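All of these numbers come straight from a predicted model, not from anything done at the bench. Letters go in sequence order (proteins before strands), and every chain restarts at 1.
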Protein chains: 2
Amino acid sequence: MQLSNSSQYAIRILAYMADQKDSKLMNATELAGALYIPYKFLTKIMTELVKVGLVVSIRGREGGYKFEKKTSEIMVSDILDIFNDSIKDEQCVLGIGFCNGLCKCALHDQWMEPKLLLQRMFRESSLEDIAGRGCKI
Amino acid sequence: MQLSNSSQYAIRILAYMADQKDSKLMNATELAGALYIPYKFLTKIMTELVKVGLVVSIRGREGGYKFEKKTSEIMVSDILDIFNDSIKDEQCVLGIGFCNGLCKCALHDQWMEPKLLLQRMFRESSLEDIAGRGCKI
DNA sequence: TATTAATTCTACCTTTAAGTAGTAATTATA
DNA sequence: TATAATTACTACTTAAAGGTAGAATTAATA
Ligand code: SF4
Ligand code: SF4
């Protein structure tokens with residue numbers, strides 16, 4: 001039970017970018033070096049973030065990445081959605097089809113509360129909220 | 001963010017067995033049929049459950065599986081442990097090494113509460129607690 | 001004892017996640 | 001305009017999860 005590597009990397013990359021002053025352009029080499037993420041894998045992830053519209057890229061010399069929207073408007077769940085890692089309302093903890101709330105699975109009652117807290121954590125935490133917190137990057 | 005297929009299957013199998021009366025022997029064909037789990041994959045999982053000591057198997061004609069311990073003494077987390085799916089105390093939500101509680105990652109503060117509830121759900125729910133709950137099996 | 005019904009073992013196949021390599025396209029600057 | 005520094009694209013490789021096939025082993029029973 002954990003987030004995929006792609007999701008973890010993406011959150012760390014964007015939280016790091018959000019922590020930089022004056023929204024300066026950051027390039028893949030800097031990011032990969034600072035966060036210890038394999039360069040080629042990072043560029044692959046960044047291209048997805050660009051495609052989905054979270055960040056914009058400037059190609060060519062002196063290029064790099066910057067945010068498309070304000071960091072207060074990008075939620076962690078927006079990032080997880082890209083990698084199919086967020087917790088959907090209809091997701092059954094035991095994987096028995098879809099959750100309609102009527103016909104329960106064995107773990108339903110125990111699952112509801114942690115599920116809600118996880119969803120809240122993902123949906124209500126913006127990049128602004130988490131940027132610069134903690135010493136690990 | 002979800003449990004592996006193996007974990008989901010194993011919980012469903014054991015919860016179903018725990019719901020049967022008088023701890024009768026159940027064989028792989030019955031279980032696979034009742035739970036719509038691929039027979040061959042189920043037997044692979046069952047063999048792991050036997051090796052780890054949660055259930056015992058009787059081989060040969062009229063054989064099958066039954067519990068080794070009381071269902072009140074088998075916790076969901078015991079099952080998840082087998083498939084490396086439980087949430088460890090030192091597990092970082094962003095995968096930045098191990099969690100020592102001192103040097104935090106960006107999501108640390110938001111992660112602590114859902115993490116605790118998930119761990120409680122897994123560690124404090126026994127098979128007896130969840131057997132027979134809900135209509136989905 | 002032969003048959004049958006069951007688990008176990010070994011090996012393989014398929015799909016997805018994770019990561020790598022090389023090149024093309026783009027753009028600022030010397 | 002040539003060069004260097006950057007992202008994007010295509011394709012590949014590796015590792016892990018998920019799943020399958022077949023034969024070996026075991027034991028009750030006819
Ligand atoms: S039972 Fe609970 S967990 Fe399973 S599907 Fe319905 S709601 Fe989701
Ligand atoms: S920071 Fe929070 S989440 Fe990251 S490792 Fe430490 S405790 Fe775990």
Side-chain angles (χ1 to χ4, degrees), chain A residues 1-14 17 24-68 79-86 94-96, chain B residues 1-13 17 24-68 79-86 94-95:
Chain A
M1 190 109 184
Q2 58 177 18
L3 297 174
S4 66
N5 280 11
S6 294
S7 288
Q8 291 178 335
Y9 284 159
I11 294 171
R12 288 173 56 208
I13 293 164
L14 294 177
M17 285 175 62
K24 89 171 154 68
L25 224 50
M26 310 221 51
N27 67 48
T29 307
E30 289 180 88
L31 292 171
L35 300 167
Y36 298 97
I37 297 172
Y39 172 83
K40 279 292 196 179
F41 196 30
L42 182 136
T43 59
K44 195 179 198 173
I45 289 170
M46 292 312 290
T47 300
E48 296 193 71
L49 299 182
V50 168
K51 279 187 178 146
V52 87
L54 287 190
V55 304
V56 292
S57 62
I58 315 290
R59 295 173 64 160
R61 188 165 178 167
E62 300 293 300
Y65 304 97
K66 67 180 179 188
F67 286 107
E68 169 78 328
I79 304 168
L80 300 189
D81 282 340
I82 302 169
F83 306 100
N84 226 349
D85 235 351
S86 61
L94 294 187
I96 314 175
Chain B
M1 189 109 181
Q2 58 176 16
L3 296 175
S4 66
N5 280 10
S6 295
S7 288
Q8 292 178 333
Y9 285 157
I11 294 170
R12 289 174 55 210
I13 294 165
M17 285 176 61
K24 91 170 153 66
L25 224 49
M26 309 221 52
N27 68 45
T29 308
E30 290 180 86
L31 291 170
L35 300 167
Y36 298 96
I37 297 174
Y39 172 82
K40 279 292 196 177
F41 196 30
L42 182 137
T43 59
K44 195 179 199 174
I45 289 170
M46 292 312 288
T47 300
E48 296 194 71
L49 299 183
V50 169
K51 279 187 180 149
V52 89
L54 287 189
V55 304
V56 292
S57 63
I58 315 290
R59 296 175 65 160
R61 188 166 180 166
E62 301 293 300
Y65 304 97
K66 67 180 180 188
F67 286 107
E68 169 79 329
I79 304 168
L80 301 189
D81 282 341
I82 302 169
F83 306 100
N84 226 350
D85 234 352
S86 60
L94 294 186

Exercise. If only side-chain N and O atoms of A/Y9 are considered, is one of them under 4.0 Å from the OP1 or OP2 phosphate oxygen of C/dG19?
Worked result: yes
For this session: Would you check if A/I13 and A/M26 make a side-chain contact, meaning some heavy-atom pair closer than 4.5 Å?
Result: no
Seminar exercise, completed: Between NZ of A/K24 and P of D/dT6 the distance, given in whole Å, is 11 Å
Seminar exercise, completed: Separation of D/dG18 atom P from B/I37 atom CD1, nearest Å, is 13 Å
For this session: State, yes or no, whether a side-chain contact exists between A/Y39 and A/T29 at a heavy-atom distance under 4.5 Å.
Result: yes
Problem set entry | Global bending angle along the helix from C/dT1-D/dA30 to C/dA30-D/dT1, which compares the axes of five pairs at either end, to 10 degrees | 20°
Exercise. Do B/R12 and B/I37 have side chains that get closer than 4.5 Å, going by heavy atoms?
Worked result: yes
Exercise. Can you find a pair of side-chain heavy atoms, one from B/D85 and one from B/I79, that are under 4.5 Å apart?
Worked result: no
Exercise. What is the distance, rounded to the nearest whole Å, between atom CG of A/L25 and atom P of D/dA5?
Worked result: 16 Å
Problem set entry | Student check: side-chain heavy atoms of B/V52 and B/D81 closer than 4.5 Å | no
Exercise. Rounded to the Å, how far apart are A/Q2 CD and C/dA17 P?
Worked result: 14 Å
Exercise. Side chains of A/M17 and A/L31: does their closest heavy-atom pair fall under 4.5 Å?
Worked result: yes
Exercise. Is the shortest heavy-atom distance from the side chain of A/M46 to the side chain of A/L49 under 4.5 Å?
Worked result: yes
For this session: List in numerical order all residues of residues 41-54 of chain A for which some heavy atom is under 4.0 Å away from an atom belonging to DNA chain C.
Result: A/F41, A/K44
Exercise. Does OP1 or OP2 of D/dT6 have a side-chain N or O of A/S57 closer than 4.0 Å?
Worked result: no
Exercise. With distance as the sole test, does B/E30 use its side chain to make a donor-acceptor pair with the main-chain N or O of B/N27 at under 3.5 Å?
Worked result: yes
For this session: Verify, without hydrogens or angle tests, whether A/E48 (side chain) and A/I45 (backbone) share a donor-acceptor contact under 3.5 angstrom.
Result: no
Problem set entry | Protein-to-nucleotide contact annotation, 5' to 3' order, nucleotides 1-6 of chain C [B base; S sugar-phosphate only; - none; under 4.0 Å, heavy atom] | ---BBB
Exercise. Side-chain contact, heavy-atom cut-off 4.5 Å: B/K66 with B/V56?
Worked result: yes
Problem set entry | Inter-residue atom distance A/T47.OG1 - A/L42.CG, 0.5 Å rounding | 9.0 Å
Exercise. Can you find an N or O donor on one side and an acceptor on the other, under 3.5 Å apart, linking the side chain of B/K40 with the base of D/dG18?
Worked result: no
Exercise. Starting at CG of A/L3 and ending at C1' of C/dA18, how long is that distance when rounded to a whole Å?
Worked result: 16 Å
Exercise. In whole Å, what is the span from the CZ atom of A/F83 to the C1' atom of C/dA18?
Worked result: 12 Å
